[in-house]
There are 2 protein chains.
Amino acid sequence: MPKRVSSQGGDKRNRILRAAIAVFSRKGFFNSKVSEIARASGVADGTIYLYFKNKDDLLISLFEEKMSEVVADVIQRTASGGGALEKLKIFIDNHMDLLEREAGLIEVLQVEIRQSSKFLKDYAPVKFFDYLDVLSGILEEGKRDGVFRQDLNVGVARRVVFGAMDELSRTYILSKKQKFHPSITAGEIFRMLSEGLCAQRA
Amino acid sequence: MPKRVSSQGGDKRNRILRAAIAVFSRKGFFNSKVSEIARASGVADGTIYLYFKNKDDLLISLFEEKMSEVVADVIQRTASGGGALEKLKIFIDNHMDLLEREAGLIEVLQVEIRQSSKFLKDYAPVKFFDYLDVLSGILEEGKRDGVFRQDLNVGVARRVVFGAMDELSRTYILSKKQKFHPSITAGEIFRMLSEGLCAQRA
DNA sequence: CTCCATGGAATGAACCGTAATTCATCCATG
DNA sequence: CATGGATGAATTACGGTTCATTCCATGGAG
């Protein structure tokens with residue numbers, strides 16, 4: 001299990017991760033062969049087992065490491081927003097933007113990790129909760145500042161927001177002929193969530 | 001491939017479908033063994049192949065048939081609603097209620113069908129679109145009647161609504177210790193979507 | 001400067017468990 | 001006894017994982 005090779009081989013682990021993202025996103029975890037990932041990353045089958053315990057570990061590592069970056073990044077970005085509403089806007093924009101910047105990664109996170117709890121007996125996707133927590137923070141702040149309704153149930157609201165973004169992501173990923181642009185859609189989602197569907201307040 | 005057996009065995013196909021739902025929902029499609037489904041439905045392994053082409057076909061059939069019922073049922077139920085807003089309420093209530101009535105089924109539809117497009121090369125989940133179309137109909141009606149904003153993008157809105165419900169469903173399914181009650185949550189989702197998060201209209 | 005020893009990294013062919021599918025056989029019914 | 005559904009053990013393919021072998025960079029010795 002090489003830690004970090006001084007010469008040129010230092011990126012081998014990353015090459016494998018990148019290839020895994022590509023392959024998993026294309027064919028799904030269960031239909032992806034380790035040998036394919038090996039081929040795609042230009043290493044031998046056995047080499048993968050020098051860097052990862054097994055195929056499951058490859059998926060988990062991928063999730064943990066990449067999701068960490070995503071979470072750190074979105075925390076950074078939203079911090080620059082003035083109020084809760086602006087932060088929410090940034091959060092949503094960022095999420096939809098990821099679709100273009102990291103299409104394969106998002107696809108894996110979206111589809112494969114979801115059902116991971118089914119086959120990865122004990123694994124809890126902590127990083128995913130970190131991501132949701134950022135959203136909770138924004139919503140709490142908005143309540144505190146009177147921007148959002150006082151009776152907002154943050155536990156439900158964070159899921160509503162995430163679910164909306166997530167579903168649009170899926171639509172984007174699955175529709176071959178791109179019907180819409182992520183950033184434009186982000187605007188629509190934001191408006192819908194902040195103002196609601198109704199013409200008038202009841 | 002027996003169409004419909006006159007004697008007692010007529011329910012064999014259904015027994016298999018029911019068992020498949022239970023097994024798939026518990027362990028996921030790829031980790032479910034055909035022999036498990038056979039055992040759970042009280043038939044021999046080979047018998048399954050008298051009723052279904054293969055394991056994939058079992059999943060697809062399950063989806064098509066059960067989803068048809070769900071769609072027909074929700075069309076029926078929403079039809080009784082007075083206006084678009086009430087129909088939307090019914091739709092959301094119904095969706096969350098399915099979680100209790102058909103927990104296993106929803107879990108399969110939610111998690112397994114999602115990634116089906118990855119491994120079922122040509123299959124398009126038509127019934128899923130039928131379900132979304134019911135939602136579109138409600139939103140269109142609301143726009144026509146001035147209940148919903150005129151500039152609502154129905155294509156995006158239907159996904160926002162579905163995504164919100166869907167994400168809460170997932171939360172419900174995955175959290176062992178039930179933190180919330182589906183029908184109460186349904187109310188929160190409805191309010192959030194119709195009125196939005198904000199305290200004031202901008 | 002050349003040669004060789006050393007050890008860790010990389011290789012990939014072979015192993016092996018698993019599970020989808022088949023099919024020779026059995027059995028109930030009319 | 002003929003028909004056709006049902007059975008489940010055997011077949012077979014597949015692909016994750018292993019590990020004996022090879023490769024290569026380094027550095028010490030001659």
Side-chain angles (χ1 to χ4, degrees), chain A residues 1-24 26-62 108 112 115-116 118-121 123, chain B residues 1-24 26-62 108 112 115-116 118-121 123:
Chain A
M1 239 162 268
K3 275 279 124 60
R4 200 138 291 270
V5 180
S6 51
S7 59
Q8 35 60 55
D11 62 330
K12 202 153 277 188
R13 187 190 148 94
N14 261 314
R15 288 227 313 279
I16 295 170
L17 276 185
R18 237 194 304 282
I21 291 174
V23 175
F24 286 160
R26 185 143 29 81
K27 335 233 307 190
F29 179 77
F30 285 102
N31 290 87
S32 299
K33 299 168 214 167
V34 172
S35 59
E36 273 182 287
I37 296 169
R39 181 151 31 79
S41 44
V43 302
D45 295 13
T47 305
I48 289 180
Y49 291 86
L50 295 176
Y51 293 92
F52 302 94
K53 205 148 52 58
N54 51 37
K55 195 183 170 188
D56 286 1
D57 183 47
L58 188 48
L59 179 63
I60 293 180
S61 301
L62 184 167
V108 175
E112 306 307 325
Q115 43 141 242
S116 64
K118 288 279 178 51
F119 65 94
L120 301 174
K121 282 289 154 272
Y123 175 66
Chain B
M1 240 162 268
K3 275 278 126 56
R4 199 138 294 267
V5 181
S6 51
S7 60
Q8 35 60 55
D11 63 328
K12 201 153 280 188
R13 186 190 148 92
N14 260 314
R15 289 228 311 280
I16 295 170
L17 276 183
R18 236 193 305 284
I21 291 173
V23 176
F24 285 161
R26 185 145 28 82
K27 334 231 309 189
F29 178 77
F30 286 102
N31 289 90
S32 299
K33 298 166 212 172
V34 172
S35 60
E36 271 182 289
I37 296 169
R39 180 151 33 78
S41 45
V43 301
D45 294 13
T47 305
I48 289 179
Y49 291 86
L50 295 176
Y51 294 92
F52 302 95
K53 203 150 51 60
N54 51 38
K55 195 182 169 190
D56 286 1
D57 184 46
L58 187 49
L59 179 63
I60 293 180
S61 301
L62 184 166
V108 175
E112 305 307 324
Q115 44 142 243
S116 65
K118 289 279 179 50
F119 66 94
L120 302 173
K121 280 289 151 274
Y123 175 66

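Numbered from 1 within each chain, the chains take letters A, B, ... in sequence-line order.
Counting heavy atoms from C-beta on, the side chains of N54(B) and V34(B) never come closer than 4.5 Å.
Distance NZ (K53(B)) to C1' (dT21(C)): 13 Å, rounded to an integer number of Å. Here dC14(D) presents its P atom at 16 Å from NZ of K55(B), a figure rounded to the nearest Å. In this structure, the CG atom of N31(A) is 14 Å from the C1' atom of dA20(C), given to the nearest Å. In this entry the distance linking CD1 of I37(A) with C1' of dT17(D) reads 14 Å, nearest Å. Atom CG of D45(A) and atom C1' of dT21(D) are 16 Å apart (whole Å). In this structure, D11(A) places its CG atom 10 Å from P of dA10(C), rounding to the nearest Å. The distance between atom CD of E36(A) and atom P of dC14(D), rounded to the nearest whole Å, is 13 Å. The distance from atom CG of L50(B) to atom P of dT7(D) is 9 Å, rounded to the nearest whole Å.
Judged by distance alone, the side chain of K12(B) and the main-chain N or O of S41(B) form no donor-acceptor pair under 3.5 Å.
For the pair Y51(B) and dG5(D), the criterion of a side-chain N or O lying under 4.0 Å from OP1 or OP2 is not met. Phosphate proximity of dA10(C) to K12(A): present, with a side-chain N or O under 4.0 Å from OP1 or OP2.
Of the residues near DNA chain D, T47(B) and F30(A), the one whose nearest nucleotide (by heavy atom distance) lies more toward the 5' end is T47(B).
In this structure, CZ on R18(A) lies 11.0 Å from CD1 on I16(A), to the nearest 0.5 angstrom.
The listed nucleotides are dG8(D), dA19(C), dT11(C); the one nearest the side chain of A44(A) is dT11(C).
Aromatic ring pairs are classed by plane angle as parallel below 30°, tilted from 30° to 60° and perpendicular above 60°; the pair F24(A) and F29(A) is tilted.
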